[in-house]
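Structure first, then comments.
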Amino acid sequence: MGHRNITWHPSLSRDERNRLRGQRGLTLWLTGLSASGKSTIATALEQHLLHLGRAAYRLDGDNVRFGLNKDLGFSEKDRNENIRRISEVAKLFADASTIAITSFISPYRADRDLARELHAATSSAGEEPIPFVEIYVDVPLKVAEERDPKGLYKKARAGEIKEFTGISAPYEEPTNPDITIKTHQNSVEECVAQITRWLVDKSYLKLP
């Protein structure tokens with residue numbers, strides 16, 4: 001049943017918003033194991049972009065689960081829905097000419113592919129798709145487990161956490177990520193610089 005008394009009004013096109021705000025909206029999707037460094041890189045990248053005068057906003061696994069997705073658990077079904085909602089929210093930010101930075105394990109390729117497909121769907125005829133940049137934060141499981149800042153791997157090994165990615169639940173590595181960063185080999189600053197260079201090279205970002 002359709003909603004009554006709601007009328008759709010044409011709005012600014014995405015291209016017009018981008019032009020008026022002086023930047024192109026896009027989504028930077030960081031994926032990787034727990035303790036791979038996703039949140040650290042996402043936070044530093046957000047700060048770097050803001051210092052460059054660009055509108056950027058970080059969506060992080062923990063803070064989103066305290067609000068938007070607080071009704072979801074960690075079953076495969078709930079993980080899928082968690083990523084679907086985040087994909088839609090990131091797309092809204094990007095559609096508003098903001099650089100959305102997401103930081104989630106997002107362990108399943110199908111969910112990440114869905115996120116990309118959602119961004120590829122345009123709002124109106126003639127519009128270019130919203131850029132979706134998959135960034136694989138690639139560290140060996142051994143390194144992530146040695147870091148274990150929240151003690152989650154230890155609990156998972158002890159059986160206290162069920163369906164924990166990398167231990168009792170799978171992590172499906174990206175087969176063709178746009179960017180791969182290795183936080184066990186490069187510093188936070190080097191990783192942020194690598195991402196920034198890629199964005200500039202692809203003309204997604206213009207430096208002042």
Side-chain angles (χ1 to χ4, degrees), residues 3 25-43 45-46 56-96 98-121 129-145 147-181 183:
H3 293 284
L26 65 149
T27 291
L28 304 178
W29 189 281
L30 279 71
T31 177
L33 292 168
S34 178
S36 61
K38 298 183 303 300
S39 294
T40 301
I41 298 300
T43 300
L45 181 59
E46 179 189 36
Y57 190 78
R58 178 176 58 91
L59 297 164
D60 184 81
D62 287 342
N63 61 32
V64 169
R65 279 189 174 273
F66 278 116
L68 177 68
N69 292 344
K70 65 181 180 180
D71 60 317
L72 299 177
F74 291 91
S75 67
E76 181 174 348
K77 180 180 178 181
D78 280 0
R79 285 173 183 262
N80 294 346
E81 176 61 13
N82 180 57
I83 297 305
R84 188 196 68 79
R85 292 184 195 178
I86 294 307
S87 304
E88 295 284 6
V89 171
K91 181 180 177 180
L92 288 174
F93 272 99
D95 191 45
T98 296
I99 299 173
I101 305 169
T102 73
S103 174
F104 299 87
I105 294 174
S106 49
Y108 301 111
R109 292 191 192 102
D111 292 336
R112 300 192 299 267
D113 289 344
L114 174 62
R116 187 182 292 274
E117 290 167 9
L118 285 172
H119 284 68
I130 296 173
F132 179 90
V133 182
E134 185 179 51
I135 302 173
Y136 179 27
V137 186
D138 178 16
V139 301
L141 174 61
K142 180 181 179 181
V143 172
E145 195 166 356
R147 291 174 177 172
D148 203 13
K150 301 175 185 177
L152 299 179
Y153 283 99
K154 184 177 180 180
K155 291 180 179 179
R157 290 291 187 188
E160 297 175 26
I161 300 178
K162 307 299 181 183
E163 300 184 86
F164 187 78
T165 301
I167 303 299
S168 50
Y171 177 77
E172 299 173 357
E173 297 182 4
T175 55
N176 190 30
D178 299 289
I179 305 171
T180 298
I181 58 176
T183 59

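Heavy atoms only: backbone and side chains are in, while hydrogens, waters and symmetry mates are out.
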Test side-chain contact (heavy atoms from CB on, under 4.5 Å), reference F104, set D111, T31, I83, output is I83
Salt bridge (Lys or Arg N to Asp or Glu O under 4.0 Å) filter on R84, not counting sequence neighbours, yields E81
Problem set entry | Y57 atom OH, neighbour heavy-atom count above 12 within 6.0 Å | no
Between the OG atom in S106 and the NZ atom in K38, the distance rounded to the nearest 0.5 Å is 8.0 Å
Looking at S34, is its backbone amide N or carbonyl O close enough to the side chain of K150 to form a donor-acceptor pair, meaning the two atoms are under 3.5 Å apart? no
Closest heavy-atom pair, A144 versus V139, reported as atoms and distance to 0.1 Å, is CB-CG2, 4.1 Å
For residues 158-175, the salt bridge (Lys or Arg N to Asp or Glu O under 4.0 Å) pairs (sequence neighbours left out) are none
Correct closest heavy-atom pair for Y171 and I105 would be CE1-O, 3.4 Å
CD1 of I86 to OG1 of T102, rounded to nearest 0.5 Å, is 8.0 Å
Nearest heavy-atom approach of A115 to S87 is CB-OG, 3.1 Å
Within the distance-only criterion (no hydrogens, no angle test), does the side chain of R147 pair as donor or acceptor with the backbone N or O of A35 below 3.5 angstrom?
yes
Margin query: Under a 3.5 Å threshold, yes or no: a donor from one side chain and an acceptor from the other, between S39 and D60?
Written below: yes
**Q.** Evaluation steps, side-chain contact (heavy atoms from CB on, under 4.5 Å), between T27 and K91
**A.** CA-CA 7 Å; T27 291; K91 181 180 177 180; 5.7 Å; no
Closest heavy-atom pair, S36 versus G32, reported as atoms and distance to 0.1 Å, is OG-C, 3.8 Å
key: Working for side-chain contact (heavy atoms from CB on, under 4.5 Å), residues I167 and E145   = CA-CA 10 Å; I167 303 299; E145 195 166 356; 4.2 Å; yes
| request: Anything under 30° is parallel, anything over 60° is perpendicular, the rest tilted; go ahead and classify W29 against F132. | output: tilted
d(R85 CZ, N80 CG) to nearest 0.5 Å is 12.0 Å
Exercise. Salt-bridge test for R157 and D148: reply yes if a basic N is under 4.0 Å from a carboxylate O, no otherwise.
Key: no
So OG1 of T40 and CG of L30: to nearest 0.5 Å the spacing works out to 10.5 Å
The reported gap from CD1 in I181 to CD1 in I41 (rounded to nearest 0.5 angstrom) is 4.5 Å
When rounded to the nearest 0.5 Å, the distance separating OH of Y153 from CD1 of I161 is 10.5 Å
Residues A94 and I130: closest non-hydrogen pair is CB-CG2, 3.4 Å
In short, L28 meets I135 closest at the heavy-atom pair CB-CD1, 4.1 Å
